[in-house]
Amino acid sequence: MSECIFCRIVRGEIPCRKVYEDEDMLAFHDINPWAPVHVLIIPKQHIVSLATADASNQAVLGKILARTGDIARSQGLNDGFRTVINSGRIGNQEVYHLHLHILGGPEPLGGSLKPMTKK
Ligand code: 5GP
Ligand code: ZN
């Protein structure tokens, strides 16, 4: 059995505040939110990262993106949201089970990434 924390959430061994679930994917509130609304969507299958995903993961990754808007709206995000997928060391990925962050709230989010200044 995988010790991966998100696999344990999928198996119900660790509780979560569930937002959406079907046979392929699970969405739940982040335990340490970065924004007033912060939901994670994960594939139930253990995919390490977007950096290692390949064509065999195409169906579930497409499904996650196609469901993101509905899941965001179900949490009151009717006027937009931000999505983030951190990948690997450079991306500061902390949990190595692929997850998409949905971030939003009543006010526009700050701190958007800016183009790096050319040297
Ligand atoms: P990353 O930095 O890998 O993109 O994001 C990992 C996210 O998972 C973090 O925002 C962190 O708060 C969240 N997280 C880590 N452990 C748990 C947990 O046990 N339950 C929930 N709901 N979120 C978690
Ligand atoms: Zn996992």
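Ligands are counted one by one from 1 in listed order, and the atoms in each one are counted from 1 as well. Computed from a predicted model, the values in this text were never measured in an experiment.
Of the listed residues (N32, D30, N86), the one carrying the non-hydrogen atom nearest atom 11 (C) of ligand 1 is D30. When the heavy-atom distances from atom 22 (N) of ligand 1 to H99, H97, H29, K18 are ranked, the shortest goes to H29. Ranked by closest heavy atom to atom 15 (C) of ligand 1, the top entry among L100, L98, V95 is V95.
Taking 4.5 Å as the limit, some side-chain heavy atom of T68 sits within range of a side-chain heavy atom of T83. With contacts defined as side-chain heavy-atom distances shorter than 4.5 Å, the pair L98/F6 does not qualify. Annotation: side chain of S74 is in contact with side chain of V19 (closest heavy-atom distance under 4.5 Å). Side-chain contact between M25 and Y20: present, with at least one pair of heavy atoms (C-beta onward) separated by less than 4.5 Å. Using a 4.5 Å heavy-atom cutoff, the side chains of H97 and V48 are not in contact. Within the 4.5 Å cutoff, the side chain of D24 has no heavy atoms near those of the P43 side chain. Side-chain atoms of R67 and I41, non-hydrogen and from C-beta on, never get closer than 4.5 Å to each other.
Atoms of ligand 1 lying under 4.0 Å from any heavy atom of N92, numbered from 1 in the order shown and given with element: 2 (O). With ligand atoms numbered from 1 in the order given, ligand 1 contributes 1 (P), 2 (O), 3 (O) to contacts under 4.0 Å with heavy atoms of E94. Taking a cut-off of under 4.0 Å to the non-hydrogen atoms of W34, the atoms of ligand 1 that pass are 10 (O). Heavy-atom contacts of F28 reach the following atoms of ligand 1: 21 (C), 22 (N) (cutoff under 4.0 Å). Close approach to H101 involves these atoms of ligand 1, each under 4.0 Å from a residue heavy atom: 1 (P), 4 (O), 5 (O), 7 (C), 10 (O).
Note: no N/O pair closer than 3.5 Å links Q93 and ligand 1 by distance alone. Note: no N/O pair closer than 3.5 Å links H38 and ligand 1 by distance alone.
Of the possible donor and acceptor atoms, one in the side chain of Q93 sits under 3.5 Å from a partner among the backbone N and O of G88.
Within the structure, ligand 1 lacks R17 among the residues with a heavy atom less than 4.0 angstrom away. For L40, the closest heavy-atom approach to ligand 1 falls below 4.0 Å.
With a heavy-atom cut-off of 4.0 Å, I9 touches ligand 1 through its side chain alone. At a 4.0 Å heavy-atom cut-off, ligand 1 does not touch I85 at all. Here F6 has side-chain heavy atoms under 4.0 Å from ligand 1, and that is the only part of it that gets that close.
The atom name of the N/O/S atom in H46 closest to the Zn ion (ligand 2) is ND1. The nearest N/O/S atom of H97 to the Zn ion (ligand 2) is ND1.
Between L100 and the choices L65, L50, V84, the side chain to side chain contact (heavy atoms under 4.5 Å, CB included) rule is met once, by L65.
Between D70 and R73 there is a salt bridge, since a side-chain N of the basic residue sits under 4.0 Å from a carboxylate O of the acidic one.
Of all protein heavy atoms, the one closest to atom 24 (C) of ligand 1 is I31 CG2, 3.5 Å. Of the protein's non-hydrogen atoms, I5 CD1, 4.0 Å is the one closest to atom 16 (N) of ligand 1.
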Run D22 and K44 through salt bridge (charged side-chain N to carboxylate O under 4.0 Å, His left out) and show every step you take. CA-CA 9 Å; D22 65 28; K44 286 191 168 179; over 6 Å; no

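Side-chain atoms of H38 and H101 include a donor-acceptor pair closer than 3.5 Å.
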